[in-house]
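Chain letters run A, B, ... following the sequence lines, proteins first, then strands; residues in each count from 1.
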Protein chains: 2
Amino acid sequence: MLSEVTTKNDHLFLKAAKGEKVDRVPVWLMRQAGRILPEYRKVRASVSGFKELVTNPELSAEVTLQPVDILGVDAAIIFSDILVIPEAMGLEYQMIEKKGPFFPKTIHTKADIEALQIANGEDDIRYTIDAMKIVKRELNNKLPLIGFAGAPWTIFSYMIEGGGSKTFSNARKFLYEKPELAHLLLDKITKSTINYLKAQIHLGGANLVQVFDSWAGILPQNQYEEFGLKYIKQICDELSTLNVPITVFSKGATFAWDSFSQLNCQVLGVDWNIDPEWARSKAGSKTLQGNLDPCLLYASEQRIEKETIRMIEKFGPQKYIANLGHGVYPDTDFNKVKFFIDAVKNYKVK
Amino acid sequence: MLSEVTTKNDHLFLKAAKGEKVDRVPVWLMRQAGRILPEYRKVRASVSGFKELVTNPELSAEVTLQPVDILGVDAAIIFSDILVIPEAMGLEYQMIEKKGPFFPKTIHTKADIEALQIANGEDDIRYTIDAMKIVKRELNNKLPLIGFAGAPWTIFSYMIEGGGSKTFSNARKFLYEKPELAHLLLDKITKSTINYLKAQIHLGGANLVQVFDSWAGILPQNQYEEFGLKYIKQICDELSTLNVPITVFSKGATFAWDSFSQLNCQVLGVDWNIDPEWARSKAGSKTLQGNLDPCLLYASEQRIEKETIRMIEKFGPQKYIANLGHGVYPDTDFNKVKFFIDAVKNYKVK
């Protein structure tokens with residue numbers, strides 16, 4: 001159940017996303033639903049693994065709603081994983097405790113790509129859509145729900161590499177050695193992602209969708225244009241008629257900001273390396289979201305407050321959504337997270 | 001012994017570093033001495049571990065000289081490791097096969113920092129200085145020798161974190177939690193590094209020194225100014241009277257290029273994310289070095305040639321040193337490396 005406090009919000013988050021004037025800066029946290037919350041860890045301990053949580057609509061919904069009440073954030077984000085897309089396409093993954101994702105089979109040949117299906121998102125990732133329905137019912141339209149997907153380049157990287165990597169050199173090698181096959185696979189991923197995000201919007205009731213390009217920063221600029229942005233653009237263009245704002249967050253892609261302002265999306269995520277004023281100068285009329293260094297939440301409350309105010313003032317309080325510059329780190333003290341959220345909420349917009 | 005081909009060079013590399021006009025683009029490769037060469041692997045197999053190679057002057061010299069003859073590069077770079085500095089300061093490291101560096105003891109408290117000595121570089125890293133002397137004798141002044149060190153922030157990261165990391169969140173946490181101690185440690189590292197680089201120049205005969213800031217890209221801009229660039233600046237200022245060019249290579253620090261042009265150094269390294277023309281626009285009168293994507297060496301020869309020419313033309317052939325945008329990947333085909341070097345050498349400067 002939602003407390004009184006968290007329901008008096010009037011979709012502040014969506015107003016900021018759409019560029020409308022707000023009288024308070026909205027705030028949420030990437031990875032807010034997860035390991036920082038004792039309540040999450042309790043649910044997590046009740047199942048055999050991370051994937052059981054992701055594929056169980058009731059439990060996904062429960063952990064999605066936890067931070068809404070506990071942290072008092074201005075939006076819920078559905079608890080899921082970007083790797084549900086490759087799995088729905090036919091490439092199963094495992095989540096290895098303390099190591100991360102692992103794909104027993106990876107993509108090498110044209111036949112491998114042809115064997116993959118285009119996910120429809122509605123049936124093959126039904127568990128997440130069903131979780132969203134539960135969350136929407138519980139939220140009762142008092143807070144917005146964020147849907148999300150990985151950007152095609154990031155998903156591609158995992159499907160080639162088979163897991164995390166320092167250099168993703170196999171994925172990048174693939175771009176140079178088999179560019180046509182890379183486009184073939186990226187096209188299938190993109191179509192799957194569009195289907196999935198449409199299902200999140202039409203069936204799951206997502207009020208905004210965010211596209212995460214976690215590995216944008218490992219490509220040279222010209223390759224990111226060709227293999228990364230091209231497909232993000234397709235997603236944005238395809239969804240732009242649905243009247244649901246889109247956030248694009250490409251981590252580490254400082255070099256690509258001249259292109260981001262051209263995307264058919266409303267919000268740009270900003271990582272913690274980027275100076276807020278610089279981002280603003282590049283973003284045109286778009287809303288910006290970010291970008292406190294997740295490590296700052298290890299600092300003193302005094303420091304967190306000071307830096308939070310500094311951040312808001314550098315971004316300017318309008319067309320702005322406060323967040324971290326990346327997902328919250330798992331060992332962050334829950335009280336510091338709460339303190340950060342309150343610091344944003346206490347900031348007086350003049 | 002050096003072949004005829006590699007001795008007819010007239011220090012092309014140094015001329016370019018100093019901004020003098022050249023009639024051919026000089027080229028070398030970060031990590032050219034190492035795993036891509038069968039000759040290196042043979043030497044490596046003859047010792048018990050990587051550190052035995054680093055601390056043995058004769059073997060270090062041998063693997064330093066290998067690529068000079070075999071690849072035909074325009075400079076030798078001493079075979080060593082950036083982690084010799086923490087070890088000389090009193091923090092021992094191990095190099096774990098296929099995993100990377102590991103520090104059994106890491107830095108937590110003021111007492112830990114006070115227990116460290118300032119390395120003099122001359123005695124405590126004598127093995128590398130001795131290796132340089134052998135290399136210089138063998139080179140007989142026909143090719144220049146590059147010395148190097150890690151930048152203080154990168155060294156600091158390892159000393160706090162105890163090894164590689166995806167986020168270096170412990171090192172970054174330290175900056176927020178104990179900024180005074182961070183400066184205390186960075187100051188000691190910086191003094192050690194200055195001593196070491198001076199020893200490389202005065203005793204080892206280094207003709208240029210390169211400072212590698214591998215983890216620059218994980219800091220927010222304001223923190224990089226405070227904890228990163230400040231100390232690189234001290235190194236550059238301190239060495240600037242010695243008439244030996246300095247190269248600064250801060251990987252992933254696109255956000256800091258406005259500051260790089262102010263450094264008292266002659267050359268800036270460019271990683272593969274950065275557009276050459278953009279780097280040129282930021283670099284002022286400095287020489288640039290880089291930035292082919294190391295993964296491009298997995299591509300066809302035709303593609304390597306095309307992209308190499310494109311890169312040279314984007315940088316412009318003057319005030320430019322061709323290199324990769326990062327160290328060469330260990331599984332790169334030696335013939336492709338050679339092909340890249342030849343492609344640079346065959347480029348006709350108009």
Please classify the contact between A:Ser300 and chain B as side chain, backbone, both or neither, with a heavy-atom cut-off of under 4.5 Å. neither
Interface moiety of A:Asn222 toward chain B, non-hydrogen atoms closer than 4.5 Å: side chain
What residue in B:Leu175, B:Asp275, B:Ile274, B:Asp331 has the most heavy-atom pairs under 4.5 Å with chain A? B:Asp275
Pairs of heavy atoms under 4.5 Å with chain A: top-ranked of B:Glu177, B:Lys166, B:Arg172: B:Arg172
Surrounding [atom1] of [X] (heavy atoms of other residues, nucleotides or ligands, distance under 6.0 Å), is the total greater than 12?
| X | atom1 | answer |
| --- | --- | --- |
| B:Arg44 | CZ | yes |
| A:Lys233 | NZ | no |
| B:Arg35 | CZ | no |

I need the A:Tyr329 OH to B:Lys173 NZ distance, nearest 0.5 Å. 11.5 Å
Once rounded to the nearest 0.5 Å, what's the spacing between atom CG of B:Leu219 and atom CG of A:Asp293? 8.0 Å
Has the side chain of A:Asn273 got a donor or acceptor atom that lies under 3.5 Å from a matching backbone atom of B:Gly217? yes
Within a strict 4.5 Å, meaning less than it, do heavy atoms of the B:Cys295 and A:Phe168 side chains meet? no
B:Lys282: what forms a salt bridge (Lys or Arg N to Asp or Glu O under 4.0 Å) with it, not counting sequence neighbours? B:Asp258
Among A:Thr254, A:Asp271, A:Leu296, A:Asn291, residue most engaged with chain B (heavy-atom pairs, under 4.5 Å): A:Leu296
Chain B shares the most heavy-atom pairs under 4.5 Å, among A:Phe255, A:Trp272, A:Trp278, with A:Trp272
Contact listing (chain A partner; residues 301-310 of chain B; heavy atom under 4.5 Å): B:Arg303, B:Glu307, B:Arg310
